[in-house]
Protein chains: 2
Amino acid sequence: MAGRAGLTAFKLTQAGAEMADDLGFEQVTLSALARRFDVKVASLYSHLKNSEDLKVRLALLALDELADRAGEAIAGRSGKNALIALANAYRDYAQAHPGRFVAARYPLSDTVAATSSGVKLSRMLGAVLQAYGLSDNEQTHAIRFLGSVFLGYTTLESAGGFAHTAVEAQISWERTLDALDQALRHWPV
Amino acid sequence: MAGRAGLTAFKLTQAGAEMADDLGFEQVTLSALARRFDVKVASLYSHLKNSEDLKVRLALLALDELADRAGEAIAGRSGKNALIALANAYRDYAQAHPGRFVAARYPLSDTVAATSSGVKLSRMLGAVLQAYGLSDNEQTHAIRFLGSVFLGYTTLESAGGFAHTAVEAQISWERTLDALDQALRHWPV
DNA sequence: AGGCTATCCTACAGCCATTAGGTTTTCAAT
DNA sequence: ATTGAAAACCTAATGGCTGTAGGATAGCCT
(Lines give C-alpha, C1' and ligand atoms only; values in the text may rest on other atoms or scores of the structure.)
Protein backbone atom coordinates (compact mmCIF):
# COMPACT_ATOMS: atom_id res chain seq x y z
CA MET A 1 0.00 0.00 0.00
CA ALA A 2 1.42 3.38 -0.95
CA GLY A 3 0.15 5.54 1.90
CA ARG A 4 -2.70 7.98 1.50
CA ALA A 5 -3.75 9.72 -1.62
CA GLY A 6 -3.84 13.13 0.03
CA LEU A 7 -7.16 14.12 -1.41
CA THR A 8 -8.66 17.57 -1.17
CA ALA A 9 -11.90 18.98 -2.44
CA PHE A 10 -9.75 21.25 -4.60
CA LYS A 11 -7.66 18.45 -6.07
CA LEU A 12 -10.80 16.50 -6.82
CA THR A 13 -12.38 19.49 -8.49
CA GLN A 14 -9.24 20.12 -10.50
CA ALA A 15 -9.08 16.51 -11.66
CA GLY A 16 -12.79 16.58 -12.40
CA ALA A 17 -12.28 19.62 -14.60
CA GLU A 18 -9.60 17.82 -16.59
CA MET A 19 -11.84 14.79 -16.95
CA ALA A 20 -14.68 17.00 -18.11
CA ASP A 21 -12.56 18.50 -20.87
CA ASP A 22 -11.24 15.11 -21.92
CA LEU A 23 -14.33 12.96 -21.67
CA GLY A 24 -17.27 15.32 -21.31
CA PHE A 25 -18.93 16.86 -18.29
CA GLU A 26 -21.51 14.10 -17.97
CA GLN A 27 -18.74 11.52 -17.68
CA VAL A 28 -17.40 13.13 -14.52
CA THR A 29 -18.74 10.78 -11.86
CA LEU A 30 -17.59 10.07 -8.34
CA SER A 31 -16.76 6.54 -9.45
CA ALA A 32 -14.55 7.72 -12.28
CA LEU A 33 -12.87 10.22 -10.00
CA ALA A 34 -12.20 7.55 -7.38
CA ARG A 35 -10.67 5.29 -10.04
CA ARG A 36 -8.44 8.12 -11.14
CA PHE A 37 -7.01 8.54 -7.65
CA ASP A 38 -6.96 4.78 -7.03
CA VAL A 39 -9.25 5.17 -4.07
CA LYS A 40 -12.65 3.80 -3.10
CA VAL A 41 -15.70 5.87 -3.90
CA ALA A 42 -16.77 6.17 -0.28
CA SER A 43 -13.52 7.96 0.49
CA LEU A 44 -14.58 10.91 -1.62
CA TYR A 45 -17.44 11.65 0.74
CA SER A 46 -14.92 12.94 3.27
CA HIS A 47 -14.18 15.79 0.88
CA LEU A 48 -17.37 16.24 -1.11
CA LYS A 49 -20.89 16.36 0.20
CA ASN A 50 -22.17 14.34 -2.74
CA SER A 51 -22.02 14.27 -6.52
CA GLU A 52 -24.11 17.42 -6.77
CA ASP A 53 -21.50 19.16 -4.65
CA LEU A 54 -18.83 18.15 -7.15
CA LYS A 55 -20.80 19.53 -10.07
CA VAL A 56 -21.36 22.81 -8.28
CA ARG A 57 -17.64 23.09 -7.53
CA LEU A 58 -16.86 22.44 -11.18
CA ALA A 59 -19.32 25.12 -12.21
CA LEU A 60 -17.78 27.63 -9.82
CA LEU A 61 -14.27 26.75 -10.97
CA ALA A 62 -15.22 27.25 -14.60
CA LEU A 63 -16.95 30.55 -13.89
CA ASP A 64 -13.90 31.67 -11.96
CA GLU A 65 -11.48 30.83 -14.75
CA LEU A 66 -13.77 32.38 -17.33
CA ALA A 67 -14.06 35.60 -15.35
CA ASP A 68 -10.29 35.72 -14.92
CA ARG A 69 -9.64 35.43 -18.63
CA ALA A 70 -12.32 37.94 -19.42
CA GLY A 71 -10.82 40.36 -16.93
CA GLU A 72 -7.37 40.06 -18.45
CA ALA A 73 -8.82 40.48 -21.90
CA ILE A 74 -10.56 43.78 -21.28
CA ALA A 75 -7.77 45.29 -19.19
CA GLY A 76 -6.66 48.54 -20.79
CA ARG A 77 -9.22 48.38 -23.57
CA SER A 78 -12.54 50.08 -24.16
CA GLY A 79 -15.31 50.34 -26.68
CA LYS A 80 -15.41 47.90 -29.55
CA ASN A 81 -11.87 46.72 -28.77
CA ALA A 82 -12.92 45.70 -25.29
CA LEU A 83 -16.04 44.03 -26.66
CA ILE A 84 -14.03 41.98 -29.12
CA ALA A 85 -11.40 41.06 -26.55
CA LEU A 86 -14.01 39.89 -24.05
CA ALA A 87 -15.92 37.96 -26.68
CA ASN A 88 -12.79 36.23 -27.91
CA ALA A 89 -11.74 35.32 -24.39
CA TYR A 90 -15.15 33.78 -23.85
CA ARG A 91 -15.10 31.83 -27.08
CA ASP A 92 -11.49 30.74 -26.65
CA TYR A 93 -12.26 29.40 -23.23
CA ALA A 94 -15.24 27.45 -24.53
CA GLN A 95 -13.12 25.88 -27.24
CA ALA A 96 -10.13 25.13 -25.04
CA HIS A 97 -12.24 23.75 -22.21
CA PRO A 98 -15.45 22.27 -23.59
CA GLY A 99 -16.17 20.25 -20.48
CA ARG A 100 -15.61 23.14 -18.11
CA PHE A 101 -17.75 25.30 -20.35
CA VAL A 102 -20.65 22.89 -19.97
CA ALA A 103 -19.99 22.86 -16.24
CA ALA A 104 -20.22 26.65 -16.14
CA ARG A 105 -23.86 26.33 -17.18
CA TYR A 106 -24.75 23.90 -14.44
CA PRO A 107 -27.77 25.36 -12.61
CA LEU A 108 -26.80 26.95 -9.31
CA SER A 109 -29.02 27.89 -6.42
CA ASP A 110 -29.77 31.58 -6.09
CA THR A 111 -27.51 32.07 -3.08
CA VAL A 112 -24.58 30.21 -4.65
CA ALA A 113 -25.03 31.98 -7.96
CA ALA A 114 -24.98 35.33 -6.18
CA THR A 115 -21.50 34.63 -4.80
CA SER A 116 -20.13 33.07 -7.99
CA SER A 117 -17.88 34.72 -10.52
CA GLY A 118 -20.89 34.84 -12.79
CA VAL A 119 -21.75 38.21 -11.32
CA LYS A 120 -18.18 39.38 -11.99
CA LEU A 121 -18.62 38.36 -15.57
CA SER A 122 -21.89 40.22 -15.77
CA ARG A 123 -20.26 43.36 -14.35
CA MET A 124 -17.50 43.11 -16.93
CA LEU A 125 -20.11 43.13 -19.66
CA GLY A 126 -21.45 46.26 -18.05
CA ALA A 127 -17.97 47.80 -18.02
CA VAL A 128 -17.54 47.10 -21.71
CA LEU A 129 -20.90 48.69 -22.37
CA GLN A 130 -19.90 51.94 -20.66
CA ALA A 131 -18.45 53.22 -23.91
CA TYR A 132 -21.82 52.91 -25.62
CA GLY A 133 -23.45 55.35 -23.22
CA LEU A 134 -26.66 53.56 -22.27
CA SER A 135 -28.87 54.33 -19.30
CA ASP A 136 -28.79 51.95 -16.35
CA ASN A 137 -31.94 50.14 -17.37
CA GLU A 138 -30.89 49.88 -20.99
CA GLN A 139 -27.50 48.63 -19.94
CA THR A 140 -29.17 45.72 -18.17
CA HIS A 141 -31.06 44.89 -21.35
CA ALA A 142 -27.86 45.13 -23.34
CA ILE A 143 -26.00 42.89 -20.89
CA ARG A 144 -28.65 40.24 -21.37
CA PHE A 145 -28.37 40.65 -25.11
CA LEU A 146 -24.59 40.27 -25.08
CA GLY A 147 -24.73 37.33 -22.72
CA SER A 148 -27.27 35.64 -24.95
CA VAL A 149 -25.15 36.01 -28.05
CA PHE A 150 -21.95 34.78 -26.38
CA LEU A 151 -23.68 31.82 -24.82
CA GLY A 152 -25.71 30.92 -27.87
CA TYR A 153 -22.92 31.22 -30.39
CA THR A 154 -20.36 29.25 -28.40
CA THR A 155 -22.92 26.61 -27.53
CA LEU A 156 -23.89 26.10 -31.16
CA GLU A 157 -20.30 26.15 -32.33
CA SER A 158 -18.99 23.74 -29.72
CA ALA A 159 -21.92 21.42 -30.41
CA GLY A 160 -20.78 21.27 -34.01
CA GLY A 161 -23.80 23.19 -35.23
CA PHE A 162 -21.75 25.12 -37.77
CA ALA A 163 -19.66 22.24 -39.04
CA HIS A 164 -22.01 21.18 -41.82
CA THR A 165 -21.92 24.26 -43.96
CA ALA A 166 -18.80 25.02 -45.92
CA VAL A 167 -18.93 28.62 -44.74
CA GLU A 168 -16.14 29.52 -42.34
CA ALA A 169 -17.07 29.79 -38.69
CA GLN A 170 -14.35 32.37 -38.09
CA ILE A 171 -16.00 34.80 -40.51
CA SER A 172 -19.38 34.19 -38.87
CA TRP A 173 -17.85 35.11 -35.54
CA GLU A 174 -16.40 38.33 -36.94
CA ARG A 175 -19.75 39.23 -38.46
CA THR A 176 -21.42 38.48 -35.15
CA LEU A 177 -19.11 40.85 -33.31
CA ASP A 178 -19.57 43.55 -35.91
CA ALA A 179 -23.32 43.09 -35.71
CA LEU A 180 -23.18 43.39 -31.94
CA ASP A 181 -21.20 46.59 -32.12
CA GLN A 182 -23.63 47.92 -34.70
CA ALA A 183 -26.63 47.09 -32.51
CA LEU A 184 -25.03 48.69 -29.46
CA ARG A 185 -24.03 51.86 -31.25
CA HIS A 186 -27.60 52.27 -32.49
CA TRP A 187 -29.31 50.83 -29.44
CA PRO A 188 -33.12 51.09 -29.78
CA VAL A 189 -33.80 53.59 -27.00
CA MET B 1 -54.32 -7.93 -14.57
CA ALA B 2 -55.70 -5.37 -17.01
CA GLY B 3 -54.46 -6.67 -20.35
CA ARG B 4 -51.68 -5.07 -22.29
CA ALA B 5 -50.58 -1.52 -22.15
CA GLY B 6 -50.49 -1.17 -25.93
CA LEU B 7 -47.13 0.54 -26.02
CA THR B 8 -45.62 2.16 -29.06
CA ALA B 9 -42.40 4.01 -29.57
CA PHE B 10 -44.57 7.03 -30.30
CA LYS B 11 -46.67 6.73 -27.15
CA LEU B 12 -43.52 6.33 -25.10
CA THR B 13 -41.95 9.37 -26.70
CA GLN B 14 -45.12 11.38 -26.14
CA ALA B 15 -45.26 10.40 -22.47
CA GLY B 16 -41.55 11.08 -22.15
CA ALA B 17 -42.09 14.58 -23.49
CA GLU B 18 -44.77 15.25 -20.89
CA MET B 19 -42.52 13.93 -18.17
CA ALA B 20 -39.71 16.13 -19.41
CA ASP B 21 -41.84 19.24 -19.16
CA ASP B 22 -43.15 18.26 -15.73
CA LEU B 23 -40.03 16.90 -14.06
CA GLY B 24 -37.13 17.93 -16.27
CA PHE B 25 -35.46 16.25 -19.20
CA GLU B 26 -32.86 14.49 -17.07
CA GLN B 27 -35.61 12.82 -15.05
CA VAL B 28 -36.93 11.03 -18.10
CA THR B 29 -35.56 7.52 -17.57
CA LEU B 30 -36.68 4.17 -18.89
CA SER B 31 -37.51 3.18 -15.32
CA ALA B 32 -39.74 6.18 -14.77
CA LEU B 33 -41.41 5.63 -18.10
CA ALA B 34 -42.06 1.96 -17.27
CA ARG B 35 -43.57 2.96 -13.93
CA ARG B 36 -45.83 5.43 -15.69
CA PHE B 37 -47.25 2.70 -17.93
CA ASP B 38 -47.26 0.16 -15.10
CA VAL B 39 -44.96 -2.09 -17.03
CA LYS B 40 -41.55 -3.64 -16.43
CA VAL B 41 -38.52 -1.82 -17.76
CA ALA B 42 -37.43 -4.69 -19.98
CA SER B 43 -40.70 -4.40 -21.88
CA LEU B 44 -39.68 -1.02 -23.23
CA TYR B 45 -36.84 -2.61 -25.14
CA SER B 46 -39.38 -4.03 -27.58
CA HIS B 47 -40.12 -0.49 -28.66
CA LEU B 48 -36.95 1.45 -28.00
CA LYS B 49 -33.41 0.46 -28.81
CA ASN B 50 -32.13 1.85 -25.52
CA SER B 51 -32.31 4.97 -23.42
CA GLU B 52 -30.22 6.91 -25.93
CA ASP B 53 -32.84 6.04 -28.52
CA LEU B 54 -35.51 7.57 -26.32
CA LYS B 55 -33.57 10.79 -25.90
CA VAL B 56 -33.02 11.08 -29.63
CA ARG B 57 -36.72 10.57 -30.26
CA LEU B 58 -37.52 13.27 -27.73
CA ALA B 59 -35.08 15.62 -29.44
CA LEU B 60 -36.62 14.96 -32.83
CA LEU B 61 -40.13 15.41 -31.47
CA ALA B 62 -39.21 18.74 -29.93
CA LEU B 63 -37.48 19.97 -33.09
CA ASP B 64 -40.54 18.92 -35.07
CA GLU B 65 -42.95 20.79 -32.85
CA LEU B 66 -40.72 23.81 -32.75
CA ALA B 67 -40.41 23.90 -36.53
CA ASP B 68 -44.20 23.56 -36.85
CA ARG B 69 -44.87 26.51 -34.60
CA ALA B 70 -42.21 28.56 -36.28
CA GLY B 71 -43.71 27.77 -39.67
CA GLU B 72 -47.18 28.83 -38.57
CA ALA B 73 -45.75 31.98 -37.06
CA ILE B 74 -44.04 33.28 -40.17
CA ALA B 75 -46.81 32.32 -42.57
CA GLY B 76 -47.97 35.42 -44.41
CA ARG B 77 -45.42 37.70 -42.80
CA SER B 78 -42.13 39.15 -43.92
CA GLY B 79 -39.36 41.44 -42.77
CA LYS B 80 -39.28 42.52 -39.17
CA ASN B 81 -42.79 41.19 -38.59
CA ALA B 82 -41.72 37.72 -39.63
CA LEU B 83 -38.59 37.99 -37.50
CA ILE B 84 -40.60 38.93 -34.44
CA ALA B 85 -43.20 36.23 -35.03
CA LEU B 86 -40.56 33.54 -35.42
CA ALA B 87 -38.65 34.72 -32.40
CA ASN B 88 -41.77 34.77 -30.25
CA ALA B 89 -42.80 31.32 -31.39
CA TYR B 90 -39.38 30.06 -30.40
CA ARG B 91 -39.42 31.72 -27.00
CA ASP B 92 -43.02 30.74 -26.30
CA TYR B 93 -42.24 27.13 -27.03
CA ALA B 94 -39.24 27.19 -24.71
CA GLN B 95 -41.37 28.61 -21.91
CA ALA B 96 -44.34 26.32 -22.46
CA HIS B 97 -42.20 23.21 -22.85
CA PRO B 98 -38.99 23.61 -20.87
CA GLY B 99 -38.23 19.89 -20.86
CA ARG B 100 -38.81 19.47 -24.57
CA PHE B 101 -36.69 22.54 -25.17
CA VAL B 102 -33.78 20.94 -23.37
CA ALA B 103 -34.42 17.77 -25.36
CA ALA B 104 -34.22 19.76 -28.59
CA ARG B 105 -30.59 20.50 -27.78
CA TYR B 106 -29.67 16.88 -27.21
CA PRO B 107 -26.64 16.18 -29.44
CA LEU B 108 -27.61 14.27 -32.57
CA SER B 109 -25.35 12.38 -34.91
CA ASP B 110 -24.62 14.10 -38.20
CA THR B 111 -26.86 11.83 -40.23
CA VAL B 112 -29.80 12.09 -37.83
CA ALA B 113 -29.39 15.84 -37.52
CA ALA B 114 -29.44 16.17 -41.28
CA THR B 115 -32.91 14.60 -41.45
CA SER B 116 -34.29 16.39 -38.41
CA SER B 117 -36.57 19.41 -38.42
CA GLY B 118 -33.57 21.41 -37.31
CA VAL B 119 -32.73 22.00 -40.95
CA LYS B 120 -36.32 23.15 -41.56
CA LEU B 121 -35.89 25.62 -38.75
CA SER B 122 -32.65 26.84 -40.23
CA ARG B 123 -34.30 27.30 -43.62
CA MET B 124 -37.07 29.33 -42.00
CA LEU B 125 -34.49 31.65 -40.55
CA GLY B 126 -33.15 32.02 -44.07
CA ALA B 127 -36.63 32.80 -45.36
CA VAL B 128 -37.09 35.51 -42.75
CA LEU B 129 -33.76 36.98 -43.75
CA GLN B 130 -34.77 37.29 -47.41
CA ALA B 131 -36.25 40.69 -46.71
CA TYR B 132 -32.89 41.99 -45.54
CA GLY B 133 -31.27 41.33 -48.91
CA LEU B 134 -28.06 39.58 -47.94
CA SER B 135 -25.83 37.55 -50.22
CA ASP B 136 -25.87 33.77 -49.81
CA ASN B 137 -22.71 33.68 -47.75
CA GLU B 138 -23.77 36.56 -45.58
CA GLN B 139 -27.15 34.96 -45.06
CA THR B 140 -25.43 31.91 -43.60
CA HIS B 141 -23.57 34.14 -41.17
CA ALA B 142 -26.78 35.92 -40.28
CA ILE B 143 -28.61 32.63 -39.72
CA ARG B 144 -25.93 31.62 -37.25
CA PHE B 145 -26.23 34.98 -35.56
CA LEU B 146 -30.01 34.72 -35.23
CA GLY B 147 -29.83 31.12 -34.05
CA SER B 148 -27.29 32.12 -31.44
CA VAL B 149 -29.43 34.90 -30.05
CA PHE B 150 -32.59 32.80 -29.90
CA LEU B 151 -30.83 29.89 -28.27
CA GLY B 152 -28.80 31.98 -25.87
CA TYR B 153 -31.62 34.23 -24.74
CA THR B 154 -34.15 31.48 -24.16
CA THR B 155 -31.55 29.33 -22.43
CA LEU B 156 -30.61 32.10 -20.03
CA GLU B 157 -34.20 33.09 -19.42
CA SER B 158 -35.48 29.58 -18.80
CA ALA B 159 -32.53 28.91 -16.49
CA GLY B 160 -33.66 31.86 -14.41
CA GLY B 161 -30.68 33.95 -15.38
CA PHE B 162 -32.76 37.11 -15.61
CA ALA B 163 -34.82 36.59 -12.48
CA HIS B 164 -32.48 38.37 -10.10
CA THR B 165 -32.61 41.83 -11.53
CA ALA B 166 -35.74 43.86 -11.09
CA VAL B 167 -35.65 44.84 -14.74
CA GLU B 168 -38.44 43.28 -16.78
CA ALA B 169 -37.50 40.37 -18.99
CA GLN B 170 -40.23 41.25 -21.49
CA ILE B 171 -38.61 44.60 -22.22
CA SER B 172 -35.24 42.94 -22.62
CA TRP B 173 -36.77 40.63 -25.20
CA GLU B 174 -38.25 43.52 -27.13
CA ARG B 175 -34.91 45.33 -27.06
CA THR B 176 -33.20 42.17 -28.25
CA LEU B 177 -35.53 41.87 -31.22
CA ASP B 178 -35.12 45.54 -32.08
CA ALA B 179 -31.36 45.16 -31.81
CA LEU B 180 -31.48 42.15 -34.11
CA ASP B 181 -33.48 44.02 -36.70
CA GLN B 182 -31.10 46.92 -36.42
CA ALA B 183 -28.09 44.68 -36.92
CA LEU B 184 -29.67 42.97 -39.92
CA ARG B 185 -30.70 46.18 -41.60
CA HIS B 186 -27.15 47.46 -41.31
CA TRP B 187 -25.41 44.15 -41.76
CA PRO B 188 -21.61 44.60 -41.80
CA VAL B 189 -20.91 43.64 -45.42
C1' DA C 1 4.23 6.91 24.15
C1' DG C 2 -0.51 7.87 23.87
C1' DG C 3 -4.42 9.63 21.86
C1' DC C 4 -7.18 12.45 18.50
C1' DT C 5 -8.76 13.22 14.14
C1' DA C 6 -8.88 13.17 9.44
C1' DT C 7 -8.49 9.83 6.01
C1' DC C 8 -9.59 5.84 3.95
C1' DC C 9 -11.73 1.41 4.13
C1' DT C 10 -15.51 -2.62 3.93
C1' DA C 11 -20.20 -3.65 3.54
C1' DC C 12 -24.56 -2.77 2.18
C1' DA C 13 -28.76 -0.78 -0.05
C1' DG C 14 -31.06 1.46 -3.80
C1' DC C 15 -31.75 3.05 -8.51
C1' DC C 16 -30.88 2.71 -13.41
C1' DA C 17 -29.62 0.33 -17.96
C1' DT C 18 -29.10 -3.74 -20.50
C1' DT C 19 -29.31 -8.60 -22.01
C1' DA C 20 -31.00 -13.41 -22.17
C1' DG C 21 -34.50 -16.20 -22.42
C1' DG C 22 -39.29 -17.54 -21.11
C1' DT C 23 -44.55 -16.83 -21.14
C1' DT C 24 -48.78 -14.90 -22.74
C1' DT C 25 -51.78 -12.37 -25.78
C1' DT C 26 -53.30 -11.22 -30.32
C1' DC C 27 -54.52 -12.09 -34.92
C1' DA C 28 -54.52 -14.00 -39.31
C1' DA C 29 -55.04 -18.10 -41.92
C1' DT C 30 -56.94 -22.36 -42.12
C1' DA D 1 -63.27 -22.69 -33.94
C1' DT D 2 -58.33 -24.01 -34.00
C1' DT D 3 -53.74 -23.24 -34.50
C1' DG D 4 -49.42 -21.24 -34.88
C1' DA D 5 -46.41 -17.44 -35.37
C1' DA D 6 -45.37 -12.73 -34.14
C1' DA D 7 -45.69 -9.22 -30.92
C1' DA D 8 -45.94 -7.83 -26.24
C1' DC D 9 -44.69 -8.49 -21.87
C1' DC D 10 -42.37 -10.95 -18.15
C1' DT D 11 -38.61 -12.92 -14.71
C1' DA D 12 -33.93 -13.08 -13.61
C1' DA D 13 -29.39 -11.69 -13.55
C1' DT D 14 -25.36 -8.47 -14.32
C1' DG D 15 -22.99 -4.33 -13.73
C1' DG D 16 -22.48 0.71 -12.99
C1' DC D 17 -23.49 4.69 -10.18
C1' DT D 18 -24.79 7.16 -5.66
C1' DG D 19 -25.13 7.20 -0.88
C1' DT D 20 -24.90 5.75 4.31
C1' DA D 21 -23.08 3.39 8.39
C1' DG D 22 -19.58 2.01 10.87
C1' DG D 23 -14.73 0.19 11.34
C1' DA D 24 -9.56 0.49 10.74
C1' DT D 25 -5.39 3.35 10.39
C1' DA D 26 -1.96 6.79 9.57
C1' DG D 27 -0.11 11.17 10.91
C1' DC D 28 0.29 14.67 14.06
C1' DC D 29 0.27 16.92 18.48
C1' DT D 30 1.09 16.84 23.24
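Letters A, B, ... mirror the listed sequences (proteins, then strands); counts begin at 1. Values below: all heavy atoms of this structure, side chains included; hydrogens, waters and symmetry mates excluded.
- Residues R175(B) and W187(A) have side chains in contact (heavy-atom distance under 4.5 Å, counting atoms from C-beta outward).
- Listed for the D21(A) side chain is a donor-acceptor partner under 3.5 Å among the backbone atoms of R100(A).
- The closest donor-acceptor contact from the side chain of N88(A) to the backbone of I84(A) lies under 3.5 Å.
- Rounded to whole angstrom, the span from the CD atom of Q27(A) across to the C1' atom of dT18(D) amounts to 16 Å.
- What separates NZ of K40(B) from C1' of dT18(C) is a distance of 16 Å, to the nearest Å.
- Side-chain polar atoms of R105(A) and T155(A) form a donor-acceptor pair below 3.5 angstrom.
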Review point. Going 5' to 3' along nucleotides 12-17 of chain C, which nucleotides have protein heavy atoms under 4.0 Å from the base (write B), which only from the sugar-phosphate (write S), and which from neither (write -)?
Key: ----SS

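- The distance from atom CG of L48(B) to atom C1' of dC9(D) is 14 Å, rounded to the nearest whole Å.
- Taking atom CD of residue E52(A) and atom C1' of nucleotide dC17(D), one finds them 16 Å apart after rounding to whole Å.
- In this structure, L23(A) atom CG and dC17(D) atom P are separated by 12 Å, rounded to whole Å.
- As rounded to whole Å, 18 Å separates atom P of dA8(D) from atom CG of D38(B).
- The side chain of S46(A) places no N or O atom within less than 4.0 Å of a non-bridging phosphate oxygen (OP1 or OP2) of dC8(C).
- Atom CG in L7(B) sits about 13 Å away from atom C1' in dC10(D), given to the nearest Å.
- At the phosphate of dA7(D), neither OP1 nor OP2 sits under 4.0 Å from any side-chain N or O atom of H47(B).
- The nearest whole Å value for the distance from the CG atom in L44(B) to the P atom in dT19(C) is 13 Å.
- Between the Y93(A) side chain and the E65(A) main chain, no donor and acceptor come within less than 3.5 Å of each other.
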Check your understanding: Between F150(A) and L180(A), does a side-chain contact (heavy atoms from CB on, under 4.5 Å) hold up when you go through it step by step?
Key -> CA-CA 10 Å; F150(A) 292 170; L180(A) 278 184; 3.8 Å; yes

